[in-house]
Protein chains: 2
Amino acid sequence: MTPDPVSRFRRFSRAVTSEVGALDQSFLGRGRPLGTARVLNAIGQGRTEVAAIRDYLGLDSGLMSRLLRGLEAEGLVTTGPHPEDARARVAVLTPDGEAEFAAYEALSDQRAADTLARHPRPEALLAAMDLVASALGRDRITLEERDPRDETSRYCLQEYYAELARRFETGFDPQLSRDPEATDMIAPRGAFLVAFSDGLPLGCVGLKGSGGPVAEIKRLWIAPSARGLGLSKRLMAEIEARARTLGITTLRLDTNSALPEAVALYRGLGWTEIDRFNDDPYPDHFFEKHL
Amino acid sequence: MTPDPVSRFRRFSRAVTSEVGALDQSFLGRGRPLGTARVLNAIGQGRTEVAAIRDYLGLDSGLMSRLLRGLEAEGLVTTGPHPEDARARVAVLTPDGEAEFAAYEALSDQRAADTLARHPRPEALLAAMDLVASALGRDRITLEERDPRDETSRYCLQEYYAELARRFETGFDPQLSRDPEATDMIAPRGAFLVAFSDGLPLGCVGLKGSGGPVAEIKRLWIAPSARGLGLSKRLMAEIEARARTLGITTLRLDTNSALPEAVALYRGLGWTEIDRFNDDPYPDHFFEKHL
DNA sequence: GCTATTGACTGACTTGTGTCAGGGAAATTT
DNA sequence: AAATTTCCCTGACACAAGTCAGTCAATAGC
């Protein structure tokens, strides 16, 4: 009886089902029905527009209205008209509501910390969880334009450099690669995109503009747990679209044969190989694409 | 913003929560309430005693009764008195019930197969899922006595030999290790235990008896995804208990320094190192324990 | 300005889920 | 043989969750 893939998958399903159930149970321990708790949490996570919350939780408009009224009666939430459309409403937590939200957060955090603490190899467990979460949540990965200097972007870039250092036989010193002024990757000259799955950054790509019609694609990175999910294609398609709206007509990029999947990606996306266009010591492949 | 462990864990939680929710939704697609579907599945999985089902699903006796009556009214289940205790009842699926159960199974299998098929590295995904499932389900690991010749046991032994082959510099040929007659690992001479998590075998250990007061512990194996969870201690404690009930007073075992965690385990469990007691070519450490 | 649409709210309703207090039959204890 | 316990069933009830039709106010389109 070699365990077959489907039964291994389903064993996983049963394990997480009972885990999810247990978390729901501990939520109920705070004396509030689950639906109400879910709305409270959605608001706490920063979703203020009622329509957005309803959409996120998949609730009927009537039910949503009643749950909100319940939270208002408890003094946890206040609602008011949307500043830009007085038909719509926004909900915000009162200080009491913030405290309740924090209590729910603490319950979840505690469960997570307990499970991690009980495991002999928490880092391996987390890596496995990242992989599973990326696989299950691949349809919920969103792309966001970010300032390349903010904390999240710097995390992505740091991971990118670490990956290069591992891949290049000679190692990699980010100082040596011409680090563009970050402002070249900010509109209107350029752009910097980060891919998020449920708040976790999984990839990035930069468009380094020069003010003219030619720009460079830089810093394409995909987290190991998210590779193979087609994320690099999505990032490339989106950054090309941004380039078009910025009036750029020619895109260039360089890469290294130590990254064969990158070379294959660019070829597959219709880039044509061209001669070296800079004297950066690391790249050995150069591509161009006309928009 | 380096993602911290707890937020990575919670991202995983959200991903599987929506996965579980989606599976529930597809179950509801068969037009039966979730509670009813769960009972049907529990019966289909081979749980026939009503009390056992109730316990497994955590249901109130009244609710359970009503759900069963509903399934009977649909013609999917028949109930009758328990053969050994006429107060208790057992439930079995009718042919229609079997068909419905199969339809639910097919839904789950389909979801699993789809997700696996969409992933670029299904084997890596499954390994990650095994690891996560073992971590979350560590309290639900059960030990069962098995015939060492059955399919499940042979799977464990095969994994055990494969592990030795990887670990030993010289490789490992199971033919060379004196393979005891399997009957030596069956009561009343010995025993063979397999650890299961939700149907998946995660470890094993054998007690090879000789008919006398001395017996040998053999074939202690733990699946990679379940290491560090204390399973080896549980298996050893249980096999020692079996040895006691079989009247065995002295236990021996041999192992190899290429398996340092095994050597450490035996020392930690109160075994004392002794001189070589066989001429098997592989082991270089020998232990004994008086019960 | 008039009309149609959108977003939220309300009341009435259904269904699912879970609890509780008994009741009857079988098993066990005294 | 009587009393007690165990197991399941039943009816009554409560509440959560979700649906639906209708209402009202704000907005958008003409």
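The sequence lines fix the lettering, A, B, ..., with proteins before strands; numbering per chain opens at 1.
Within the structure, no pair that satisfies the ring pair (Phe, Tyr, Trp, His ring centres under 6.0 Å) test touches residues 62-89 of chain A, not counting sequence neighbours. Listed by first and then second residue, the salt bridge (charged side-chain N to carboxylate O under 4.0 Å, His left out) pairs involving residues 55-81 of chain B are Arg32(B)-Glu74(B) (not counting sequence neighbours). Among residue pairs with one or both ends in residues 124-133 of chain B, those qualifying as salt bridge (charged side-chain N to carboxylate O under 4.0 Å, His left out) are Arg8(A)-Asp130(B), Arg11(A)-Asp130(B); sequence neighbours excluded. Under the ring pair (Phe, Tyr, Trp, His ring centres under 6.0 Å) criterion, the residue pairs touching residues 18-51 of chain B are Phe27(B)-Tyr104(B), with sequence neighbours excluded. Applying the salt bridge (charged side-chain N to carboxylate O under 4.0 Å, His left out) test to every pair with at least one member in residues 75-98 of chain A, sequence neighbours left out, gives these pairs: Asp85(A)-Arg87(A).
With rounding to whole Å, Asp55(A) atom CG is found 15 Å from dT6(C) atom P. Between the NE2 atom of His82(A) and the P atom of dG7(C) there is a distance of 11 Å, rounded to whole Å. Residue Leu68(A) contributes atom CG, which lies 13 Å from atom C1' of dG7(C) at whole-angstrom precision. Rounded to whole angstrom, the span from the CG atom of Leu57(B) across to the C1' atom of dT17(C) amounts to 13 Å. Following rounding to the nearest Å, Arg87(B) (CZ) and dG24(C) (C1') show an atom-to-atom distance of 13 Å.
Taking a cutoff of 4.0 Å between a charged side-chain nitrogen and a carboxylate oxygen, Glu238(A) and Arg242(A) qualify as a salt bridge.
Proximity of residues 74-81 of chain B to DNA chain D (heavy atom under 4.0 angstrom from any strand atom) is not detected for any residue. Residues from residues 21-46 of chain B that place a heavy atom under 4.0 Å from any atom of DNA chain D: there are none.
Under the side chain to side chain contact (heavy atoms under 4.5 Å, CB included) criterion, Arg54(B) pairs with Ala51(B), Leu59(B), Ser61(B), Met64(B), sequence neighbours left out. The salt bridge (charged side-chain N to carboxylate O under 4.0 Å, His left out) check on Arg14(A) picks up Asp198(B), with sequence neighbours excluded. By the side chain to side chain contact (heavy atoms under 4.5 Å, CB included) test, Ala128(A) is found to be paired with Ala128(B), Leu131(B), Val132(B), residues two or more places apart in sequence or in another chain being considered.
Looking at Asp147(A) and Ser153(A), their side chains never come closer than 4.5 Å, going by heavy atoms from C-beta outward.
Bracketed by its first and final contacts, the part of DNA chain D lying under 4.0 Å from non-hydrogen atoms of chain B reaches from dT6(D) to dA12(D) in 5' to 3' order.
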Determine, stepwise, if the pair Arg118(A) / Asp139(B) fulfils salt bridge (charged side-chain N to carboxylate O under 4.0 Å, His left out). CA-CA 11 Å; Arg118(A) 290 182 65 195; Asp139(B) 298 328; 3.1 Å; yes

Atom pairs under 3.5 Å: protein N/O with N/O of nucleotides 19-22 of chain C:
{"residue": "dT19(C)", "atom": "O4", "partner": "Arg66(B)", "partner atom": "NH2", "Å": "3.3"}

